[in-house]
Undergrad: 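What follows is a structure written as structure tokens; I'll ask about it next.
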Amino acid sequence: MNLAFCDLLGIGLSVFDNSLFIPHHPSADEKIVADHSIQSLGGPACIGTLTANRLGLKTVLISASADDYPGHYIQNKQKSYSNHTLISLKTDLTPQASILINKNGERSVIATLAKTVEKTKIKCTKPPKYILLDGRYVDVCFDMIMDLKKQGSQIILDAGSVNPGVMTILAHVDILIASKKFAFNYTNHHNIDQVMDQLQQ
């Protein structure tokens, strides 16, 4: 498969999100009624890539989706973006998430992720300026990522948590976007200045 030229290549999660807006987080065995719900695209790499697209960049996203309703939803939504291409990695299950959002903005996320993702050979004639990663599917795309970096692509990592893909790619990153959770867990520090010093190293 040939990778079309783009300004930004995203690699990572595309998720079918079902967000439930609730009056409060339920206790054990408590049943509550949501005020309303929204179905939408989710996933750090997906949302980051589509945001870049909306800001005028030509984008490609490599992500995993299956032949199921959530997969079709994700594929159809991304077709509505101009100057954007989705390359779907074959998988057994499209990632999905149920998100409980409290009135004060606090949220809880329950997710299912793809367990097996098929490796696909992707050729690139011209490297993108940026590669946006969230740590997912790094294992099946690592050689391509490293090849594009050698050709001049800058790697941006959206590190939300400490996971194997994030740890694999961390040493090769040019731009790190770190959540507070990742920063404190990775460094084992509780002082923000110490955290920043270690992340910079």
Side-chain angles (χ1 to χ4, degrees), residues 1-15 41-65 74-75 77-91 94-95 113-114 116-187 195-201:
M1 181 181 296
N2 291 322
L3 177 66
F5 170 73
C6 60
D7 302 301
L8 182 140
L9 168 64
I11 302 174
L13 281 177
S14 288
V15 184
L41 289 172
C46 174
I47 298 304
T49 301
L50 294 178
T51 299
N53 178 270
R54 291 292 294 271
L55 292 171
L57 298 186
K58 188 171 184 178
T59 55
V60 173
L61 177 64
I62 299 174
S63 191
S65 59
I74 288 169
Q75 293 160 24
K77 280 288 184 182
Q78 293 197 43
K79 284 178 183 175
S80 66
Y81 286 79
S82 59
N83 293 317
H84 174 72
T85 303
L86 171 65
I87 297 176
S88 290
L89 301 172
K90 291 183 180 179
T91 184
T94 299
L113 300 177
T116 58
V117 178
E118 189 176 301
K119 194 169 184 177
T120 303
K121 287 186 178 181
I122 301 171
K123 295 180 180 179
C124 181
T125 55
K126 187 176 180 181
K129 186 172 183 180
Y130 301 106
I131 303 172
L132 172 63
L133 307 172
D134 61 17
R136 305 294 178 178
Y137 317 132
V138 166
D139 54 341
V140 297
C141 297
F142 184 78
D143 291 342
M144 181 187 69
I145 294 167
M146 290 297 96
D147 183 56
L148 292 175
K149 182 175 174 65
K150 287 178 184 176
Q151 295 180 58
S153 296
Q154 292 191 59
I155 297 178
I156 305 168
L157 176 63
D158 183 342
S161 62
V162 177
N163 63 58
V166 165
M167 299 309 295
T168 297
I169 207 68
L170 189 59
H172 307 285
V173 168
D174 298 292
I175 301 168
L176 175 64
I177 304 168
S179 71
K180 184 177 178 181
K181 177 182 176 182
F182 168 82
F184 281 89
N185 287 346
Y186 174 72
T187 62
V195 168
M196 293 303 293
D197 286 344
Q198 187 168 336
L199 286 178
Q200 187 171 13
Q201 292 172 22

Undergrad: For a 4.5 angstrom cut-off between non-hydrogen side-chain atoms, does Val162 reach Phe182?
TA: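 Sidechains of Phe182 and Val162: in contact.
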Undergrad: Output the distance between atom OG (Ser80) and atom CG (Leu41), rounded to the nearest 0.5 Å.
TA: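 Interatomic distance, Ser80 OG to Leu41 CG, rounded to 0.5 Å: 8.0 Å.
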Undergrad: Ignoring hydrogens and geometry, is there a side-chain-to-backbone donor-acceptor pair from Ser153 to Pro128 under 3.5 Å?
TA: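 Yes, Ser153 side chain to Pro128 backbone: donor-acceptor pair under 3.5 Å.
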Undergrad: Is there a donor-acceptor contact under 3.5 Å from the side chain of Asp158 to the main chain of Pro44?
TA: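 Side chain of Asp158 to backbone of Pro44: no pair is present.
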Undergrad: Quick check: do Leu89 and Val140 have side-chain heavy atoms less than 4.5 Å from each other?
TA: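 Contact flag for Leu89/Val140 side chains = yes.
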Undergrad: Treating Ser14 as the side-chain partner and Ser63 as the backbone partner, does any N or O pair qualify as donor plus acceptor under 3.5 Å?
TA: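 Not a single qualifying donor-acceptor pair exists.
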Undergrad: Backbone N or O of Val60 within a donor-acceptor pair of the Thr85 side chain at under 3.5 Å?
TA: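 Pair absent, no side-chain N/O of Thr85 close to backbone of Val60.
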Undergrad: Rounded to the nearest 0.5 Å, what separation is found between the OG1 atom of Thr49 and the OH atom of Tyr81?
TA: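 Here the rounded value is 11.0 Å.
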Undergrad: Please determine, by modelled atom types, if Gln151 and Asp147 share a side-chain donor-acceptor pair under 3.5 angstrom.
TA: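 Side-chain D/A pair, Gln151 to Asp147: present.
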Undergrad: For Phe184, does the CZ atom sit with more than 12 other heavy atoms under 6.0 Å from it, leaving out its own atoms?
TA: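 For Phe184, atom CZ is crowded (more than 12 foreign heavy atoms under 6.0 Å).
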Undergrad: Can you tell me how far apart CG (Leu132) and CD1 (Ile177) are? Round to the nearest 0.5 Å.
TA: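 So the gap between those two atoms works out to 6.5 Å.
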Undergrad: Drop me the distance from Leu13's CG to Leu61's CG, to the nearest 0.5 angstrom.
TA: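 So the gap between those two atoms works out to 9.5 Å.
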Undergrad: If we check side chain to side chain contact (heavy atoms under 4.5 Å, CB included) with Lys149, which of these qualifies: Asp174, Ile169, Ile131?
TA: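 When side chain to side chain contact (heavy atoms under 4.5 Å, CB included) is applied between Lys149 and each of Asp174, Ile169, Ile131, only Asp174 qualifies.
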Undergrad: Quick one: closest heavy-atom pair of Leu157 and Gly135, and the distance?
TA: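 Heavy-atom minimum between the residues: CD1-N, 4.1 Å.
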Undergrad: Do Ser65 and Ser88 have a side chain donor and acceptor closer than 3.5 Å?
TA: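 Yes, side-chain donor-acceptor contact under 3.5 Å.
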Undergrad: Ignoring hydrogens and angles, tell me if any N or O in the side chain of Asn53 forms a donor-acceptor pair with the backbone of Asn83 under 3.5 Å.
TA: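 At least one qualifying donor-acceptor pair exists.
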Undergrad: Are the side chains of Leu8 and Lys58 in contact, using a 4.5 Å heavy-atom criterion?
TA: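 Not in contact.
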Undergrad: Please report the shortest heavy-atom distance between Val195 and Ala183, naming the atom on each side.
TA: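 Scanning both residues, the minimum pair turns out to be CG1-CB, 3.6 Å.
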Undergrad: How about Gln154 and Ile175: do any of their side-chain heavy atoms sit closer than 4.5 Å?
TA: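 Yes, at least one pair of side-chain atoms sits under 4.5 Å.
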Undergrad: Does the side chain of Val15 come within less than 4.5 Å of Arg136's, by heavy atoms?
TA: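 Heavy-atom side-chain distance check fails, nothing below 4.5 Å.
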Undergrad: Within this structure, what is the CG-CD1 distance for the pair Leu9 and Ile122, rounded to the nearest 0.5 Å?
TA: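 The distance works out to 8.0 Å.
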Undergrad: Is any side-chain heavy atom of Ile74 closer than 4.5 Å to one of Thr94?
TA: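 Thr94 vs Ile74: side chains touch.
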Undergrad: Would you call Asp139 and Lys119 a salt bridge, taking side-chain N to carboxylate O under 4.0 Å as the test?
TA: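 No.
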Undergrad: So, do Phe142 and His172 sit near enough that their side-chain heavy atoms are less than 4.5 Å apart?
TA: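 Yes, their side chains come closer than 4.5 Å.
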Undergrad: Atom CG of Leu148 and atom CE of Met146: how far apart are they, to the nearest 0.5 Å?
TA: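 The distance works out to 9.0 Å.
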Undergrad: Which residues satisfy the ring pair (Phe, Tyr, Trp, His ring centres under 6.0 Å) test with Tyr137, sequence neighbours excluded?
TA: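 Partners of Tyr137 under the ring pair (Phe, Tyr, Trp, His ring centres under 6.0 Å) test: none.
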Undergrad: Does any part of the side chain of Leu55, heavy atoms only, come nearer than 4.5 Å to the side chain of Thr51, both counted from C-beta?
TA: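 Side-chain contact under 4.5 Å: yes.
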